[in-house]
Amino acid sequence: MSTAPNRRAVAVILLIPLMVTLALWAFAWPAARIAPRDLPVGVAGPASAAQQLEQRFEQRDGAFDVHRFDDEAAARAAIEDRTVYGAVAATPQGPHLLTASAASPVVSQLLREAVTASVPEDTEVRVTDVVAAPPGDPRGSALGASVLPLALAGMAAGAVVTLMGLRGARAAVTLVGAAALVGLAATAVAHSWLGALTGDWWTVAGVLALTVLAIGSAVAGLAALFGPRGIGLGALLMVLLGNPFSGVTSAPELLPEPVGAIGQWLPPGAGGSLLRSVAFFDGSAAGAAVLTLALWTLFGLAAVLFARRAPTPAEPVEPAREPALTG
C-alpha cells in the first residue's frame, strides 16, 4: 500500500497546530505586551518648569522620547505635524496636557494616566484634544478594524489573478482595477456612511486603493516568482504578520520591539499610518508610508510583468512544437 496518503495526512495533522500556534503568537503576543517604547511626547514652557516635566517622563526609562518646545503653540504644531503624540505645557494654572485622539485613542488615554499620576493629588490637569477623533469613530475602532479587510482584499486580488492564469499587462491592469474599485467602495462605507474617516474623500479613496494594490501586487509577484507557494508566503506576510504588527489599533511605538518597526515596513501598517495622516492630519508625516507602499507595488508589478513561472493548474500547458521535417 502506498504511503503517500499517510504522509500527507500526517503533514496536515502537524501543520494545522503549527499554523494556529503561529497565529496566536502573531496576534496575541503584541497585544499582551502593549507599553510605551520611545513614544514621542513633548514638554513646553519655561526652562525650569519644562525640565521638571521632562524628568518625570524620563523616570520611566525607555518609555518616552521627550521633545522640548518653547511654548504651547509650538507643541500644538508638533502634534498636528505628527512629530509627537501629545505634549504637556507648563502654565501658571498648572500642567496643560495636549493630546491627539485621532493619532491614537490608546496613547491619549495613556498620557492622561501618566501625567495625572505624576502630579500631586490636589493638582488639576487640564486636557485639550488638539486633533480629536471623528464623532463617528471616537475610539478609533472602525479605523483599527479596517486593516484586516484591506489585507484580505489584496490577498484575494493577488491570489485570483494567479489562479486564473493572468499574466503580464493583463494581470497588472486587473490588479489596478480591482484595487481602485475596493478603494471607492471602502471609502463610501467608512467615510460617507460611518463617518469614521474625514479629510478629502478622493484622497482617502486613493490611499485605500494604494494599500490594496500594494498587497495584491506583492502576493501576485511572489506567486510569479515562486509559483503557488508564493500565495502562502504572501498570506504570511500580509495577513498573519502585517495585520497584528500594523499597530493601527494602538500605535507602533506601543508594540514590542522590533514588531512596531517591522509592521511599518509591510503594506498593512504603512497603509494604516498613511490613512491616519490623510484622514486627520492633512497628510502630515505621510512620506515614509507612501514610499513603503510604492516600493511594494513596484516590486509586485515588476515581478508580474517580467518574471517567468511555471503554469498553474488552471493554465493550459503549451505543447512542444515538433521540428519541421526536411528532405
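Numbers here are sequence positions counted from 1.
Within the 4.5 Å cutoff, the side chain of P134 has heavy atoms near those of the F280 side chain. With contacts defined as side-chain heavy-atom distances shorter than 4.5 Å, the pair P40/T83 does not qualify. Residues T128 and L97 fail the side-chain proximity criterion, which asks for heavy atoms closer than 4.5 Å. Annotation: side chain of F226 is not in contact with side chain of I231 (no heavy-atom distance under 4.5 Å).
In the hydrophobic clustering of this structure, I215 does not group with L275; members are Ile, Leu, Val, Met, Phe, Trp, Tyr whose side-chain heavy atoms approach within less than 4.5 Å, directly or through other members. Hydrophobic cluster membership differs between V88 and I79, with clusters built from Ile, Leu, Val, Met, Phe, Trp and Tyr side chains linked at under 4.5 angstrom. Follow the hydrophobic side-chain contacts under 4.5 Å out from L237 and you reach W29 in the same cluster. Hydrophobic cluster membership is shared by L152 and L241, with clusters built from Ile, Leu, Val, Met, Phe, Trp and Tyr side chains linked at under 4.5 angstrom. Placement of I262 and L222 within a single hydrophobic cluster is found when ILVMFWY residues are connected by side-chain heavy-atom separations under 4.5 Å, directly or transitively.
In this structure, Q93 places its CD atom where more than 12 heavy-atom neighbours from other residues, nucleotides or ligands lie under 6.0 Å away. When the shell of 6.0 Å around CZ of R126 is examined, it contains more than 12 heavy atoms from other residues, nucleotides or ligands. Under a cut-off of 6.0 angstrom, the local environment of CG in D129 is crowded, with over 12 non-hydrogen atoms contributed by other residues, nucleotides or ligands.
Side-chain atoms of E54 never come within 3.5 Å of backbone atoms of R68 as a donor-acceptor pair (strictly under, hydrogens ignored). Formation of a donor-acceptor pair under 3.5 Å by the T292 side chain with backbone atoms of A270 is not found in this model. A side-chain donor-acceptor contact under 3.5 Å links R276 to the backbone of A102. Within the 3.5 Å criterion, the main-chain N or O of P256 finds no donor-acceptor partner in the side chain of R33. A donor-acceptor contact shorter than 3.5 Å links the side chain of H191 to the backbone of G199. Checked by atom type and distance alone, the side chain of S141 never pairs as donor or acceptor with a backbone atom of D137 at under 3.5 Å. Looking only at distances, a side-chain donor or acceptor of S104 sits under 3.5 Å from a matching main-chain atom of S250. With D65 contributing its side chain and L39 its backbone, the two residues share no donor-acceptor pair below 3.5 Å. Counting only distance, with no hydrogens or angles, the side chain of D38 and the backbone of A63 share no donor-acceptor pair below 3.5 Å.
In this structure, CG in L15 is found 10.5 Å from CG in L22, a value given to the nearest 0.5 Å. A distance of 13.0 Å separates CG in L305 from CZ in R167, rounded to the nearest 0.5 Å. Rounded to the nearest 0.5 Å, atoms CD (E80) and OG (S284) are 8.0 Å apart. In this structure, the separation between CD1 on I16 and OG1 on T21 is 11.5 Å, given to the nearest 0.5 Å. From T187, atom OG1 reaches atom CG of L208 across 4.5 Å, with rounding to the nearest 0.5 Å. Note that CG of L197 is 6.0 Å distant from CG of L143, once rounded to the nearest 0.5 Å.
Closest approach of S277 to A285, counting heavy atoms only: OG-O, 3.8 Å. Across all non-hydrogen atoms, the minimal contact from A251 to V107 is CB-CG2, 3.8 Å. Residues A114 and R60 approach most closely at CB-NH1, 4.2 Å, considering heavy atoms. Contact between L254 and R37 at its shortest, heavy atoms only, is O-NH1, 2.9 Å. Closest of all the heavy-atom pairs between A44 and A75 is CB-CB, 4.2 Å. Nearest heavy atom pair, residue V219 against residue G234, reads CG2-CA, 4.1 Å.
Legend: ring pair (Phe, Tyr, Trp, His ring centres under 6.0 Å) pairs involving residues 41-84, not counting sequence neighbours, sorted by first then second residue: F57-F64.
Using modelled atom types, one finds a donor on one side chain and an acceptor on the other under 3.5 Å when comparing E113 with Q109.
Not a single salt bridge (Lys or Arg N to Asp or Glu O under 4.0 Å) links R56 to another residue, sequence neighbours left out. With sequence neighbours excluded, the residues forming a side chain to side chain contact (heavy atoms under 4.5 Å, CB included) with A103 are Y85, A100, F281, listed by chain and number. Applying the salt bridge (Lys or Arg N to Asp or Glu O under 4.0 Å) criterion to E253, with sequence neighbours excluded, gives no partner residue. Under the side chain to side chain contact (heavy atoms under 4.5 Å, CB included) criterion, L291 pairs with L295, not counting sequence neighbours. Taking the side chain to side chain contact (heavy atoms under 4.5 Å, CB included) definition, one finds that S108 meets it with T99, S101, sequence neighbours left out.
Between F299 and W296, the two ring planes are perpendicular [angle over 60°; tilted spans 30° to 60°].
Partner of L274 under the side-chain contact (heavy atoms from CB on, under 4.5 Å) criterion, out of V207, T211, V204: V207 alone.
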